[in-house]
Amino acid sequence: MPVSKKRMAYILQTLQSMFPDAKCELNHSNPFELIIAVVLSAQCTDKKVNEVTKHLFQKYKTPEDYLNVPLEELENDLKQIGLFRNKAKNIRKLCETLITQYEGEVPKTREELESLAGVGRKTANVVMSVAFGIPAIAVDTHVERVSKRLGIARPSDSVLEVEKTLQRLVPKEEWTNTHHRLIFFGRYHCTARNPKCPECPLLDLCPEGKKRMKTH
DNA sequence: AACTCGGGGCA
DNA sequence: TGCCCAGAGTT
């Protein structure tokens, strides 16, 4: 059974005290740069993405810029990032759609965003919340892992089920902040390998943490 | 639900 | 060397 709203409120309060300033760490200065950065961030550290986009965004500033070079050149510019061939193709398709259907602008609805190449539910959620201020909880590997460890979601839940559970347990005005705090919690504290259970303020209510403290 | 893409970081 | 990284698309 998922946690109660009361217990969730305590978790949220604790996360807020741990990461009061949690926010999107992908460098961007507009919605178009953000959507490119999030597409690139799939299965790649945001640190590496920022390293690459630092140069990328000086060279490519508009959707047209990505289409005005040979595909091989864009692939080469993304060489340091995993899955770079898929991402280069998707980004070009995405830019083409922006030009032909959205007057070169990044759309704001989930349906429109998810229709773009390389953009799924997670990326759409990030763009909506970070670029346009629309409340959303994007469930990535960190959010999924910590939600399941804390007992907020069941181990067998899909990412969509995890998202729905979080939406039900968290006040809508806190969705975006909570998303970023769960990410920070997963990145810097409740890490995939060697989570910091002994010094975790949530250990007392964490099923996985208590299990780990016994067996390790 | 499982599989594939995929170079880089880290223990 | 093996696991993981702010996933998405296909089968």
Side-chain angles (χ1 to χ4, degrees), chain A residues 15 18-19 21-28 31 33-57 71-72 74-97 106 110-132 134-149 153-163 166 175-196 208 212 216:
Chain A
L15 290 176
M18 292 178 79
F19 307 105
D21 302 319
K23 63 177 189 338
C24 178
E25 293 197 319
L26 292 168
N27 290 337
H28 64 281
E33 288 187 355
L34 178 64
I35 199 169
I36 299 292
V38 182
V39 168
L40 291 178
S41 73
Q43 300 302 102
C44 178
T45 61
D46 59 339
K47 195 175 171 185
K48 175 56 71 177
V49 172
N50 286 338
E51 197 178 300
V52 169
T53 55
K54 184 178 177 184
H55 309 290
L56 197 75
F57 291 162
L71 177 59
E72 295 73 30
L74 180 57
E75 284 181 347
N76 194 54
D77 289 334
L78 303 180
K79 205 86 176 174
Q80 310 168 60
I81 291 186
L83 312 177
F84 64 92
R85 291 186 192 83
N86 293 342
K87 289 173 182 177
K89 282 196 194 93
N90 284 337
I91 285 172
R92 285 179 41 122
K93 253 190 249 177
L94 182 157
C95 288
E96 201 177 334
T97 307
V106 178
R110 172 186 308 289
E111 191 177 18
E112 291 170 322
L113 285 165
E114 288 191 15
S115 77
L116 301 171
V119 178
R121 189 173 184 90
K122 184 259 169 181
T123 301
N125 275 333
V126 172
V127 173
M128 287 191 303
S129 61
V130 175
F132 301 127
I134 302 166
I137 301 177
V139 179
D140 69 340
T141 56
H142 293 306
V143 175
E144 181 180 3
R145 181 181 65 254
V146 305
S147 296
K148 290 179 177 179
R149 279 182 180 167
R154 298 179 186 80
S156 60
D157 281 349
S158 66
V159 290
L160 188 58
E161 287 168 328
V162 174
E163 182 181 333
L166 288 169
W175 283 4
T176 302
N177 280 339
T178 298
H179 158 68
H180 289 124
R181 287 172 190 151
L182 286 170
I183 298 255
F184 271 53
F185 183 62
R187 279 190 57 181
Y188 302 117
H189 192 93
C190 191
T191 47
R193 285 172 297 193
N194 306 117
K196 300 176 180 173
E208 177 67 18
R212 284 171 177 271
H216 295 124

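Each chain gets a letter, A, B and so on, in the order the sequences are listed, and its residues count up from 1.
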Margin query: Using whole Å, what does the distance between atom P of nucleotide C/dA6 and atom CG of A/N27 come to?
Written below: 14 Å
Notebook entry, point to check: Quantified in whole Å, what is the C1' atom distance between nucleotide C/dG9 and nucleotide B/dG8?
Noted result: 23 Å
Checklist line | Exercise: identify the closest heavy-atom pair between A/L78 and A/F84 | finding: O-CB, 3.2 Å
Checklist line | Closest non-hydrogen atom pair, A/L166 against A/S147 | finding: CD1-OG, 3.9 Å
Note to self: Using atom P in both nucleotides, what's the gap between C/dC3 and B/dC3 to the nearest angstrom?
What the structure shows: 15 Å
Next item on the list: Locate the shortest heavy-atom distance separating A/R145 from A/T191; write the atom from each residue and the value.
Entry: NE-C, 3.7 Å
Margin query: Show, in sequence, the C-alpha distance, side-chain angles and deciding distance for A/K48 and A/E51, and conclude whether the salt bridge (charged side-chain N to carboxylate O under 4.0 Å, His left out) test is met.
Written below: CA-CA 5 Å; A/K48 175 56 71 177; A/E51 197 178 300; 3.1 Å; yes
Note to self: I need a per-nucleotide contact map over nucleotides 2-11 of chain B, read 5' to 3'. Cutoff is protein heavy atoms under 4.0 Å; write B for the base, S for backbone only, - otherwise.
What the structure shows: ---BBBSB--
Notebook entry, point to check: salt bridge (charged side-chain N to carboxylate O under 4.0 Å, His left out) between A/E208 and A/R212: does it pass, once the steps are laid out?
Noted result: CA-CA 6 Å; A/E208 177 67 18; A/R212 284 171 177 271; 3.0 Å; yes
Note to self: Would you say that A/K122 contacts A/V38 through its side chain, given a criterion of any heavy-atom pair below 4.5 Å between the two side chains?
What the structure shows: yes
Next item on the list: Taking all non-hydrogen atoms of both residues into account, name the closest pair between A/K23 and A/F184 and its distance.
Entry: O-CE1, 3.3 Å
Margin query: When the P atoms of B/dG6 and C/dT11 are compared, how many Å lie between them, rounded to an integer?
Written below: 16 Å
Notebook entry, point to check: Counting just side-chain N and O atoms, does A/R145 come under 4.0 Å of either OP1 or OP2 of C/dC5?
Noted result: yes
Margin query: So A/T141, base contact, sugar-phosphate only, or nothing? Heavy-atom distance under 4.0 Å.
Written below: sugar-phosphate
Check: For the pair made of NZ in A/K89 and P in C/dA8, what is the distance, rounded to whole Å?
Finding: 18 Å
Next item on the list: Check the distance between C/dA6's P and A/D140's CG and give it to me in whole angstrom.
Entry: 8 Å
Check: What is the nucleic acid contact for A/S158, judged by heavy atoms within less than 4.0 Å: base, sugar-phosphate only, or nothing?
Finding: nothing
Note to self: Output the rounded distance in Å from CG (A/N125) to C1' (C/dA8).
What the structure shows: 14 Å
Check: At their closest point, which heavy atom of A/V49 faces which heavy atom of A/S41, and how far apart are they?
Finding: CG2-CA, 3.6 Å
Margin query: Please report the distance separating the P of B/dA11 from the corresponding atom of C/dA6, rounded so that it comes out in whole Å.
Written below: 14 Å
Checklist line | Protein-nucleotide distance (A/L94, atom CG; C/dG7, atom P), rounded to Å | finding: 17 Å
Next item on the list: Would you kindly give the CD1-to-P distance between A/I36 and C/dA8, to the nearest whole Å?
Entry: 14 Å
Could you list all N or O pairs between the protein and nucleotides 9-11 of chain C that sit under 3.5 Å apart?
residue	atom	partner	partner atom	Å
C/dG9	OP1	A/G118	N	2.9

Margin query: For the CG atom of A/N125 and the CZ atom of A/R110, what is their distance to the nearest 0.5 Å?
Written below: 4.5 Å
